[in-house]
Amino acid sequence: MAIYQTYINSMNERIRNQFANSNPFDFKHISPLKSIENFNDVGPSVVMASPNGLQSGLSRQLIEMWCSDKKNACVIPGYVLEGTLAKTIINEAKEATLMNGLTAPLNMQVLYISFSAHADFAQTSTFLKELMPPNIILVYGEANEMGRLKQKLITQFADRKTKIISPKNRQSIEMYFNSEKMAKTIARLAEKTPEVGETVSGLLVKKAKYLPEITIAYSGAFGVLKHRLKQIFESVESLSNEESEGLAFRVHERLTVKYESEKHISLHWRSDPISDMVLDSVVALVLNISCEIPKVVVESEEATKTEEENNKKEEKVIHALLVSLFGDVKFGENWKLVISVDGNVAHLDKLSGNVESENEGLKERVRVAFQRIQNAVKPIPLSAS
């Protein structure tokens, strides 16, 4: 219970709101038991204890206390190993051996419930039929059961060259695999398929070790850019000179923004769908800040565009950033944006910032993202520079 209470801020809004008034994990009839010394064995009770093999720990201590009384019961859920006390009492033993070596009569009821996360033979064989692996290694199980499973699999895969192994503990095994490498060809090499053993010549290009980069015109303060990005992204970390050879910071461990000169910055990233979306968001923000710089630095210069045009430009930037974060963002009625993610829909009111959605997680994500984007795209006042 202490773990749930510690990470209460990681839970949904309903739990957090309830925690502000009362502890939602403070149950009337359920309490944690740290040790057998803290257990008050008075009246009826149900104790969930481990390990399930009853070899040691709290479960072994309780079984020794209760095994002689026929009013008590022990429910064992799931598979237990041979040689354990749990396996012994399941087989209707008359006595139980205590940890001190003595024996005690086993008068309590013993119930077994098949509640295990392990797969049975039908599930395992179906899984193997789908995979059709060249090698199957059977581990973790009783020797007799593993032998039966091995024989059934040998019969099932008799018409295929499948090697089935059931090694003993610490027994080493060897497997051999055919290594195949594929190279894509272009230009003249691609005109004709080479024969087996034929020698071909050309330029071999291996996987690139460099990162793609672009350079963008930016004459504003490098610290201002970092501050704006922190309003949108949760992770924006400065890099040391040894890592970047100059001023630089990393966004979400995916994209590096580096200071090149008073008029330029460079962006470095490893191309993949998520990193590309982060790149699009950063580029959109940099271009927006570049448009705002004359308005921020020289307050006396009157903008040539009307307030309505500036609002339209701001709406386009906000829409572009939301698209980079959520994908499907459409314009709805009454100044609202309709955001769809994995079948869930959220309606964002651009004027008030209110979000409506049946999915609480999506609702909170859209609300926080819109708030950060608004803080980022608004011009920075002279007092903050």
Side-chain angles (χ1 to χ4, degrees), residues 181-187 202-297 313-329 339 341-342 365-366 368-380 384-385:
K181 294 184 178 180
M182 181 180 295
K184 296 181 179 180
T185 59
I186 59 175
L203 178 63
L204 177 63
V205 180
K206 293 186 176 181
K207 186 178 295 185
K209 295 185 178 180
Y210 60 87
L211 299 180
E213 67 175 77
I214 59 174
T215 302
I216 304 178
Y218 176 74
S219 56
F222 197 59
V224 171
L225 176 59
K226 181 179 179 181
H227 172 75
R228 289 290 190 90
L229 289 173
K230 279 187 173 181
Q231 301 298 317
I232 300 178
F233 300 99
E234 295 179 357
S235 175
V236 180
E237 299 178 354
S238 298
L239 300 179
S240 63
N241 291 333
E242 296 178 355
E243 292 180 286
S244 59
E245 299 180 355
L247 291 176
F249 54 82
R250 184 169 293 141
V251 181
H252 265 309
E253 296 292 333
R254 293 182 174 275
L255 180 141
T256 300
V257 182
K258 187 176 180 181
Y259 178 82
E260 298 292 346
S261 67
E262 294 181 356
K263 296 184 178 181
H264 296 90
I265 61 171
S266 61
L267 306 178
H268 309 254
W269 76 103
R270 189 175 299 279
S271 184
D272 59 68
I274 298 179
S275 299
D276 291 345
M277 286 196 299
V278 175
L279 172 70
D280 293 340
S281 300
V282 174
V283 171
L285 181 60
V286 171
L287 296 178
N288 180 63
I289 295 176
S290 298
C291 295
E292 292 176 355
I293 287 175
K295 180 170 54 180
V296 174
V297 178
K313 180 187 70 175
E314 182 177 319
E315 287 181 11
K316 290 182 179 179
V317 173
I318 292 175
H319 182 265
L321 292 173
L322 287 173
V323 169
S324 68
L325 292 172
F326 298 102
D328 187 3
V329 181
I339 301 172
V341 179
D342 297 333
R365 284 176 55 199
V366 173
V368 173
F370 181 68
Q371 182 179 5
R372 290 178 175 177
I373 290 173
Q374 274 195 318
N375 294 335
V377 300
K378 289 181 179 179
I380 300 176
S385 60

- From Ile216 atom CD1 to Leu225 atom CG, the distance as rounded to the nearest 0.5 Å: 9.0 Å
- Query: Could you give the distance from CD (Glu237) to OG1 (Thr256), rounded to the nearest 0.5 Å?
  - Reply: 11.0 Å
- Task: For Ser266, enumerate each residue passing the side chain to side chain donor-acceptor pair (under 3.5 Å) test, keeping only those at least two apart in sequence or located in another chain.
- Result: Glu260, His268
- Query: With sequence neighbours left out, what residues match Phe233 under ring-ring contact (aromatic ring centres under 6.0 Å, His included)?
  - Reply: His252
- Query: Between atom CG of Leu267 and atom CD of Glu213, what is the distance when rounded to the nearest 0.5 Å?
  - Reply: 9.0 Å
- side-chain contact (heavy atoms from CB on, under 4.5 Å) against Val323, all qualifying residues, sequence neighbours excluded: His319, Val329
Could you tabulate the donor-acceptor pairs under 3.5 Å formed by side-chain atoms of residues 272-280, not counting sequence neighbours?
unit_1, atom_1, unit_2, atom_2, d
Asp272, OD1, Arg254, NH1, 3.3
Asp272, OD1, Ile274, N, 3.1
Asp272, OD1, Ser275, N, 2.8
Asp272, OD1, Ser275, OG, 3.2
Asp272, OD2, Arg254, NH1, 3.4
Asp272, OD2, Ser275, OG, 2.9
Ser275, OG, Arg254, NH1, 3.3
Ser275, OG, Arg270, O, 3.3
Asp276, OD1, Trp269, NE1, 3.0

- Message: Is any side-chain heavy atom of Val341 closer than 4.5 Å to one of Val366?
- Response: no
- Query: Taking only residues two or more places apart in sequence or in another chain, which ones pass ring-ring contact (aromatic ring centres under 6.0 Å, His included) with Phe222?
  - Reply: Phe249, Tyr259
- Point-to-point distance, once rounded to the nearest 0.5 Å, from OG1 of Thr215 to NZ of Lys258: 10.5 Å
- Message: Tell me every residue that passes side-chain contact (heavy atoms from CB on, under 4.5 Å) with Ala284, counting only those two or more places apart in sequence or in another chain.
- Response: Leu321
- For the atom pair CG (Leu239) and CZ (Arg250), what is the distance rounded to the nearest 0.5 Å? 4.5 Å
